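Here is the structure we will look at.
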Number of protein chains: 2
Amino acid sequence: MTGVFDALAADRGRLERASAAQRVAEVLRDHITEGRLAPGTRLSEEALGEALTVSRNTLREAFRLLADERLVVHELNRGVFVRILEPADVADIYTLRLALETAGVRALHSAAPERLAALRAALDRAEAAEAIGDWVTVGTADLHFHQAVAGIAGSRRIDECMARLMAELRLAFAAVPSARALHAPFLRRNQTLTGLLESGEIDDAEVELTSYLNDARAVIVRAMTENATTESAMGEGATAQRPMTDGAR
Amino acid sequence: MTGVFDALAADRGRLERASAAQRVAEVLRDHITEGRLAPGTRLSEEALGEALTVSRNTLREAFRLLADERLVVHELNRGVFVRILEPADVADIYTLRLALETAGVRALHSAAPERLAALRAALDRAEAAEAIGDWVTVGTADLHFHQAVAGIAGSRRIDECMARLMAELRLAFAAVPSARALHAPFLRRNQTLTGLLESGEIDDAEVELTSYLNDARAVIVRAMTENATTESAMGEGATAQRPMTDGAR
DNA sequence: CTTGTCGGATTGTTCCACAATCCCCTAGCC
DNA sequence: GGCTAGGGGATTGTGGAACAATCCGACAAG
């Protein structure tokens, strides 16, 4: 008889109202990941607070939420800035991605069926978006696909970790001009990988995944460096903000 | 010539003054990880603010920092509570640990030498502490050892991820009565693992690591459940979900 | 025993004030 | 001329108070 209540409890999170800080963070997150707030931009407490009609305290709380997600960096007595993702960051992200997604692949045989279904679903969404040339949506679906790969492991913390990485990757995507050039080559390989997973070929899947991620990393890093040089050649020397210290702990 | 400056830059974080919120968070973190603040206790803004002589604003910011580290949980309109780690959490933590430490082992051949040295150093510290029966220090050194294992990968994000996990694990350690029973059996296996790594036997090391972590997880989960049942049998069957109202002195 | 309602207590949010800090700009020095 | 040292302005860090929103327990009514 408790089954009904358990099912409801699973949706419990949905009805918890969002605090003002969370709503503010959501707005800022959208602006950042969609490139409307350029990396390096300083987010003034006063200006933003006025624009969004929230107090500085609330705004500062929103900043901390975004700092969690690594979308902004906070420098003491200087303020918060939209994160500037450097090629080294992207390389690092892919190192962690490889570890997490590999964990997913390796857990394949003990995975819940719906985890595999999520994989195929994300893949379908990506291809539907490709068909109509909506490359931004393709990028989103691609991220969801890889989140699903890591999700095979069925670990809440792995899921959270991947979600963070994907949020960071959006920053990289926003810094690359052509979304199509970025995603098109990898759609087919997503297909390949899914096939291997659905037929249970763990070892082959792991090999494909490794080479996939290495290739993707190289593509993005190259796109970023090219883009960076052309940008700095055009002027706009947006003083590369230092890659932060994280002196928190 | 930049070598000197790079070395200095590495220590840059050390001289950045800590904000009041960071100092408050540090105090609370120590109390929590050392078990002086029992899991489930509610951290009242007013009471704590008065005790530490900081304003609610600053205290709330410290709470956010601790929530980042998963040492406390924040419930809207209810306040923050010292995190209650459940057996399922521990199991989940070990799933992620396995992924991260495996990534370290696999990167062995392309690792910087000092990463391996850190491994041996942590091991030595653990054994020195064991010799004098200081099992709390043994636990700390053990955490550092495993952080070093994952650190072989040389990824900043993997390091941060592990640091978070280790902070969470401290919560589990604090919930287990006998630190000795917890750590003693695994010191020798740390030795074994280090030997395999130092001689470059990646595959064997990975096998040993996997079995090691599975065993450790089982030990901790069992210790936690046993402890929980004896505790609830001793009175106050707080449903393990909802922490008791107060209890903060 | 369940349901509605009330009141106290705590958090969420805003607003204001002031100190601490950073950054740029200018003046002065060698 | 280039470099160093202050000065002034702007912004963040922190404290404090007030009010609204919300939760929780207790009590009353059906």
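Note on naming: letters A, B, ... go to the chains in the order of the sequence lines (proteins, then strands), and numbering restarts at 1 for each one. What you are looking at is a predicted structure, and each value in this text was computed from that prediction instead of being measured.
- Distances shorter than 4.0 Å separate some side-chain N or O of B/Arg60 from OP1 or OP2 on C/dG12.
- A straight line from CD of B/Glu75 to P of C/dT10 spans 16 Å, rounded to a whole angstrom.
- Summarising the geometry, the separation between CG on B/Leu59 and P on D/dG16 is reported as 13 Å, rounded to the nearest angstrom.
- Side-chain atoms of A/Arg56 and base atoms of D/dG13 include a donor and an acceptor less than 3.5 Å apart.
- Between the CG atom of A/Asn57 and the P atom of C/dC16 there is a distance of 13 Å, rounded to whole Å.
- Summarising the geometry, the separation between CZ on B/Arg64 and P on D/dG13 is reported as 12 Å, rounded to the nearest angstrom.
- Separating the CD atom of A/Glu45 from the P atom of C/dT21 is a distance of 16 Å, rounded to the nearest angstrom.
- Between B/Glu160 and B/Arg156, at least one side-chain N (NZ, or NE/NH1/NH2) sits under 4.0 Å from a carboxylate O, which counts as a salt bridge.
- Closest to the B/Ala20 side chain, of the nucleotides D/dT14, D/dG15, D/dT11, is D/dT14.
- Contact annotation: A/Thr58 side-chain N/O to C/dG12 OP1/OP2 distance is not under 4.0 Å.
- For A/Arg42, whose side chain is taken as the heavy atoms from C-beta onward, the closest listed nucleotide among D/dT11, D/dT14, D/dC23 is D/dT11.
- At least one side-chain heavy atom of B/Leu85 sits under 4.5 Å from a side-chain heavy atom of B/Glu168.
- Separating the CZ atom of A/Phe81 from the P atom of D/dT11 is a distance of 12 Å, rounded to the nearest angstrom.
- In this structure, of D/dT14, C/dT13, C/dT11, it is D/dT14 that holds the atom nearest to the side chain of B/Ser19.
- Taking atom CG on A/Asn77 and atom P on C/dT21, their separation rounds to 7 Å, with Å as the unit.
- Between B/His74 and C/dT10, a side-chain N or O to OP1/OP2 separation shorter than 4.0 Å is absent.
- Atom pair B/Leu48:CG and C/dT11:C1' shows a separation of 14 Å (rounding to whole Å applied).
- Within 6.0 Å of CD in A/Glu46 there are 12 or fewer heavy atoms belonging to other residues, nucleotides or ligands.
- Under the 3.5 Å distance criterion, the side-chain polar atoms of B/Asp89 are matched with a main-chain donor or acceptor of B/Glu86.
- Put simply, the side chain of A/Ile152 reaches to within 4.5 Å of the side chain of A/Leu119, judged on heavy atoms.
- Of the listed nucleotides (C/dC23, D/dG13, C/dG12), C/dC23 has the atom at the smallest distance from the side chain of A/Arg78.
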